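This report concerns only the one structure given below.
Because the structure is predicted, anything quoted here is derived from the model rather than measured.
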Amino acid sequence: QVQLVESGGGLVQAGDSLRLSCAASGRTLSSLTMGWFRQVPGKEREFVDGNSWSGGRSDYADSVKGRFTISRDNAKNTVYLQMNSLKPEDTAVYYCAGRYSSVVITTRAGWDYWGQGTQVTVSS
């Protein structure tokens, strides 16, 4: 069983940077495709960025293009989401997700594992 634990969320000001971490256990990260999603109350969970274990990746959401970047450290079994130039509209609970397929998908369905989420709040 794979467990994913996010950390690094918090309260920041607009324009600040933040790096989220997602530590995986139960399976080596090198065999998992990983993704980051975010969700605000009353809205669908939104895909942010993804990173395939095979090296491929999908397009990230237009709303974060050029500002957010996913990366991974397989030796540490950890995936990261670097968030720069944060905006108030980036406020959400951020979730990491993992799946065995090498394909990054942007829908919530099809991911095998989810973390518990970490809150990011950006003040104006």
Using a 3.5 Å cut-off and no angle test, enumerate the donor-acceptor pairs between side-chain atoms of residues 74-83 and protein atoms at least two apart in sequence or in another chain.
from	atom 1	to	atom 2	distance (Å)
Asn77	OD1	Leu29	N	2.7
Asn77	ND2	Ala24	O	2.9
Asn77	ND2	Arg27	O	3.1
Thr78	OG1	Lys76	O	2.9
Gln82	NE2	Asn84	OD1	2.9

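- For Lys87 and Asp90, the salt-bridge test fails: no basic side-chain N is under 4.0 Å from an acidic carboxylate O.
- The OG atom of Ser123 lies 5.0 Å from the CD atom of Gln13; values are rounded to the nearest 0.5 Å.
- Atom OG1 of Thr106 and atom CG of Asp49 lie 11.5 Å apart (nearest 0.5 Å).
- At distances below 3.5 Å, at least one donor-acceptor pair connects side-chain atoms of Thr33 with backbone N or O atoms of Ser101.
- Looking at heavy atoms from C-beta onward, Thr118 lies in side-chain contact with Leu20 at the 4.5 angstrom threshold.
- The shortest distance between side-chain heavy atoms of Trp114 and Leu4 does not fall below 4.5 Å.
- Put simply, CD on Gln116 and SG on Cys96 are 7.5 Å apart, with the number rounded to the nearest 0.5 Å.
- Residues Gln1 and Tyr113 meet the side-chain proximity criterion, which asks for heavy atoms closer than 4.5 Å.
- Note on Trp36: it does not cluster hydrophobically with Val40, by side-chain heavy-atom contacts below 4.5 Å among ILVMFWY residues.
- Note that the CG atom of Asp73 and the OG atom of Ser30 stand 11.5 Å from one another [nearest 0.5 Å].
- Side chains of Val104 and Trp53 form no contact here, defined as non-hydrogen atoms less than 4.5 Å apart.
- The shortest distance between side-chain heavy atoms of Tyr95 and Gln39 falls below 4.5 Å.
- Contact of the Val120 side chain with the Leu18 side chain is registered, since non-hydrogen atoms from C-beta on lie closer than 4.5 Å.
- Checking Arg38 against Ser63 by side-chain atom types alone, a donor-acceptor pair falls below 3.5 Å.
- For the atom pair OG of Ser102 and CG of Leu32, the computed distance is 12.0 Å after rounding to the nearest 0.5 Å.
- The distance between the ring centers of Phe37 and Trp111 falls below 6.0 angstrom.
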